[in-house]
Structures are given as C-alpha cells and as structure tokens.
Amino acid sequence: MRVFLRLTRYALYLALTGIVLGCAAIGVAYWLISPRLPSVETLRDVRLQVPLRVYTADDKLIATFGETRRIPVAIENVPAKVKNAFLAAEDARFYDHPGFDVQGIFRAVWHLVRTGGDKGPGGSTITQQVARNFFLSPEQTYTRKISELFLALRIERALSKDEILSLYLNKIFLGHRAYGVGAAAEFYYGKTLDQLELGECAMLASLPKFPSTGNPLFNRKRAEDRRNYVLARMFENNFISEAEMKAAMAEPDKSYAHEPPIEVEAPYLAEMVRVEALDRLGADALTDGYNIRTTLDSRMQDAANQAVRNALIDYDRRHGYRGAEAHVDLAADATPEVYARELASFRPLAGLIPALVTETAKDHAQLYLADGQAVVLDKKSVEWARPYQSESSRGAAPKSVDAVVKVGDIVRVARGDEETWTLAQLPAAQAALVSLDPDDGAIRALVGGFSFGRSKFNRATQSARQPGSSFKPFLYAAAFEHGFTPASILNDAPLVFPDPSRPDGIWAPSNDDDKFEGPMRLREALVKSVNLISVRLLDAIGVRYAREFITRFGLPLEAMPENLSMSLGTASVAPLMMARG
C-alpha cells in the first residue's frame, strides 16, 4: 500500500512538473513569438481581392478582369445549410471553442500516432485557418503552428464568431481561381448561394481540403466521395436528417465550369477600359472590386458586331474559297475520340465553328463538331466556294461537294436557316466600326476587328489609315475660318506642281473620274468631293495654317503630311480619332 501511495505521489509530482514546464514553455514561446505577430485589428477593414467588372450604360456585363474569382457575401446572406456544411466539414465546435479545439488537436495527434505519421484530419479550427490565410504562410513548421494558435486567440478576442466565419467563407480557396463561397457557387453551379441544393452546399464545403485535385471538374469521383463524407458529418452533428442525407448522397453532382455571364460582346472596348483603369487607379484597379459603367449601348453594340462580321464574311466570300484551314490524315476506323482530339486546338470564332470532314460524296459531306454533333453540308451550302485565284479573280463554281472539301479537312461552318449548315471561312480582311453620340462624343458602339480571340489589335484606335475624302470637311472648315464661304468659287481644272521625289519631277492630281467641270462653288465641290478643288483650296490657305487649324478637331499634327496631298486625305488617322473629329 505504501509503495502504491509513493508511486501515486511521484506521478502527481511529475504531472504537476509537466504542467508547470508546459505553461513555462507556452509562456516563453509567447514571449518570443508575440512581438512578431501582426495586429489582428486589420481584419476589421479587410480588402479582399475582387475583380474589376465593366458594364454597358444599360447595366449589362461586358467583361471581368482579375486573377481571382470572388463575390463577397455578407454573413447574414449566407444560408444556414451553407454555413452548416462548412462547419460540419471543418469545425463543428466552432461556436463553442475559444479559437482552438482541444478535442480536435488530440484527435489529430492520436491519428498521427496510430498511423505512424499519416496526414489525416487536421486539428486547425476555422479561426486558425483565418489566421493562416490572412497572416501566415502554409509551411508545415512548429513555429508557424504556434503562431497560428496565438493569432487565433487574438482574433477570437477582437472579432465575433460571425465576423470570423464571414472572413473564412469569403477568403477560402475553392479551386479554379474561385475564392469564397459566392464565386464558387457561381463557377461550379451558375447559382447564387440561396439557390444551392443541399448536395451542392456539401460539395463546396468539401473543396477546402483538396481544392485543386479534389474538385469535381478535376476528379468527380473523388469529389463526390468527399461530398458524401461532409453530408455524413452534417447528419452526425444534427444539421440535417437521415432522409435528407440519403437523398443528397443519391444525387449525382452536376457541376461544370460557368464562366462569368458576359451579356454584351465588346472585348475591344473592355480592353480600353482596363488600360484606362490601370492608368487612373493604379495596380489595385483589378483587385479592389471596381464596377465601371461605360457609355456603350448594348443594342447598338450587338448591331455593330453583326454589321462588321456580316460585311467581312460577304466581302471575303466574293473573293472565293481559300481552302481548308488545316488537314489531318484520318484512318478509316477513326473514332469520335480521334475526331475530338484533332479539333481540340481549334476554337469557335464569331459564330464560325471548326469542323472535321469525315465523309464526302458528290452531293454531300459529313462533318464532326467538337461538341460531338454530326452535321451535313449539301451542294447548296458550298455553291459560293469558287476557288480563290487572286484579289480580283475567282475560279469556276463547284460542281460537287467533294470538289470543295476532302476527308480530313478542318473547315469552318456556320448555322444557316432552319437548322441547316453552310461552309464558311475566317475572313482574310479586317474592319473596324465606331459609333459616337454627336452631342457629347460618348462611344455607343465600338468594334476593333472580326474577332478579339483571333487578334487583340484594336483597329478602331490603333490602326492609322488614310481617311481619303472623309478628311475634306476638316480642310473646308479651315478654309471657311480663313475667309472662304460656301459660295466662294474655285476652278475645277487641271493642276501641275513640281515634285522632285517623282521620276518625272511633277505631281499632277486628278479627279476620281478624270473629268473637269470648270468653276464651281465650294458647297457643290464638297458635295461632289472634287479632288482638284480641294487641292486649290489647300494651296490657297497654306499647308501650315491648315495643319495647325485641323489639330483643333483632335487630330495630331504629326498625323498630317506637310504637303498638298493632305487635301486628298493622306493623313494617318484611326477610325475613333476621325469619328471624334
């Protein structure tokens, strides 16, 4: 009996010594680490990275810019089933512990001991994860873990539980550049949080553990297994009934990538806005959640897109068919998987869809689209495809479909009327369109090319071209300011000027029709766009005066030549600059 009491006393001494040493160790650790810990008060004014969004004047989304997807959600707008799913998966005792969970820590330690070091359930609470996500690195060291614990205690003293949970739900990484539950719900399911089903809530809550390799788009089986684990945890913690758990587990996951719902296609203007935003607001423009409303009219922009594309396609067709975009050798027993692989590097552009020719005959051809659809081209759908020979000539009209396309050709098709398809090709020419409000100069529509995906070069702003006769009104304005009037008379007659740069040493401008009408008033000359009257007018007022005067319309001085050819529109001006002028 005495031996037992003595052993008990020794055990008690050892326990007390261990507790004292443990407290001392914690105190020393706090003394050493505490000065290096950041202030948790900054969490009261957290600026989460939210992408820049660009809208039309009628509030339709044009573009989203930023490295992260994030839609901040106030905690009161987070449905209970979303909260409970994350609590069940990550920290069921969140509302009861002081920042760290003793049971969770012992459970994690016991798992390490039992499995010989296998990484199993973590001991970190949601508060500790907030500390790590906002202040610390993800490295696995004892110093980081102790710092995380001390920060969690500070956070619990500074913020309420709902404030901590709000930071967590809006900060957590959930795969595919989605940060926070709002962005994840939109990306994976195309829904807002209040529209999510129970299984979808559990799927989102399953993502923090393996956001990159365990999300349903990367490994659906693994993601569904993890989702079912979360549903089971929700049932264990009395968040849902057994019937709800079984029903949600039986539902297959229907997630797929939902890109931001772009409502108006205006990528060239969106890029102009992005550059301007960076210039005015600095590097934070793409992360501080700015919403920029432009003057663009969505109906006008849609009409402008259609006008430019239709005009370019019609123009291109009038010059003939240039042949397949690419060609591959197809085996006779090639499968749809092979077809899809061959089409993988081709993307739809402006409604022109890539297709692989799998079968041809005299009166039809069968094509495979990347979405698995098989379409047929008949003779009528290729009758426009006369062979291109030069800029001014085409070959004979095709007499059969197999004379135009061959098996293995990768071509473009466009949807016609009544579910029919027609052969197409990407235009070789380009165009731009700018529409301005004449009262205030606001841009109502802007198209910088056939397809932004094909070429980022904005021809509406970056492509300096000779405006030709559309430049003449600027010249006439300069002349009226100089003393001429619309009733002034000039002679439409041949002109010759010395020009040492030419082989014959002279420059003899002419009218478009090579005819001359003699004396005429300026009002008539401008209506008829008479070249020789414009040359005489510029010669009369002087090139220097005209150049300086025309800069009042926003045209830069260096864009205008210092000679009489300026009267015929040989300046180098972008379409937007001309429209503004």
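Just so it is clear, the values below take in all heavy atoms, side chains as well, and ignore hydrogens, waters and symmetry mates.
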Taking the basic N atoms (NZ, or NE/NH1/NH2) and the acidic carboxylate oxygens, is any pair closer than 4.0 Å for [X] and [Y]?
X      : Y      : answer
Arg299 : Asp58  : no
Glu186 : Lys191 : no
Asp225 : Lys221 : yes
Glu265 : Arg309 : yes
Lys456 : Glu271 : no
Arg444 : Asp437 : yes
Glu524 : Lys528 : yes
Arg341 : Glu337 : no

Step-by-step side-chain hydrogen bond (donor to acceptor under 3.5 Å, both in side chains) determination, Asn531 to Lys472: CA-CA 9 Å; Asn531 287 346; Lys472 290 174 182 175; 2.7 Å; yes

Report, as yes or no, whether the 6.0 Å neighbourhood of atom [atom1] on [X] holds more than 12 heavy atoms from other residues, nucleotides or ligands.
X      : atom1 : result
Gln389 : CD    : yes
Phe457 : CZ    : yes
Asp59  : CG    : yes

Is it the case that Lys171 places NZ or CZ above or below the six-membered ring of Tyr168, under 6.0 angstrom from the centre and within 45 degrees of the axis?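 Verdict for Tyr168: no cation-pi partner in Lys171.
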
A side-chain contact here means heavy atoms from C-beta on lying under 4.5 Å apart; do [X] and [Y] qualify?
X      : Y      : value
Leu423 : Val404 : yes
Pro509 : Leu532 : yes
Val411 : Glu325 : no
Pro216 : Tyr256 : no
Phe187 : Arg177 : no
Arg523 : Val527 : no
Leu204 : Leu196 : yes

What pairs with Val434 under side-chain contact (heavy atoms from CB on, under 4.5 Å), at least two apart in sequence or on another chain?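 Val434 satisfies side-chain contact (heavy atoms from CB on, under 4.5 Å) with Leu436, Leu446, Ala460, Pro575, Leu576, Ala579 once adjacent residues are dropped.
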
Under the side-chain contact (heavy atoms from CB on, under 4.5 Å) test, residues paired with His319 that sit two or more places apart: Tyr315, Tyr388

Taking atom types as modelled and ignoring hydrogens, do the side chains of Asn458 and Gln462 form a donor-acceptor contact shorter than 3.5 angstrom? no

If you measure only the distance, is there a donor-acceptor pair under 3.5 Å linking the side chains of Asn305 and Gln301?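 There is such a pair (donor and acceptor under 3.5 Å, judged by atom type) between the side chains of Asn305 and Gln301.
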
Give every residue pair that meets the salt bridge (charged side-chain N to carboxylate O under 4.0 Å, His left out) criterion with at least one member in residues 279-289, sequence neighbours excluded.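 Counting only pairs at least two positions apart or across chains, the salt bridge (charged side-chain N to carboxylate O under 4.0 Å, His left out) contacts touching residues 279-289 are Arg47-Asp288, Glu276-Arg280.
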
Donor-acceptor check, side chain of Arg580 to backbone of Phe553, threshold 3.5 angstrom: yes or no?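 Side chain of Arg580 to backbone of Phe553: no pair is present.
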
Backbone N/O of Leu526 and side chain of Ser529: donor-acceptor pair under 3.5 Å: no

So which heavy atom on Ser255 is nearest to which on Tyr189, and how close?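 The answer is CB-CE2, 3.5 Å.
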
Check each of Val543, Asp499, Thr570 against Leu564 using the side chain to side chain contact (heavy atoms under 4.5 Å, CB included) test, and report the only one that passes.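 Exactly one option meets the side chain to side chain contact (heavy atoms under 4.5 Å, CB included) with Leu564, and it is Val543.
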
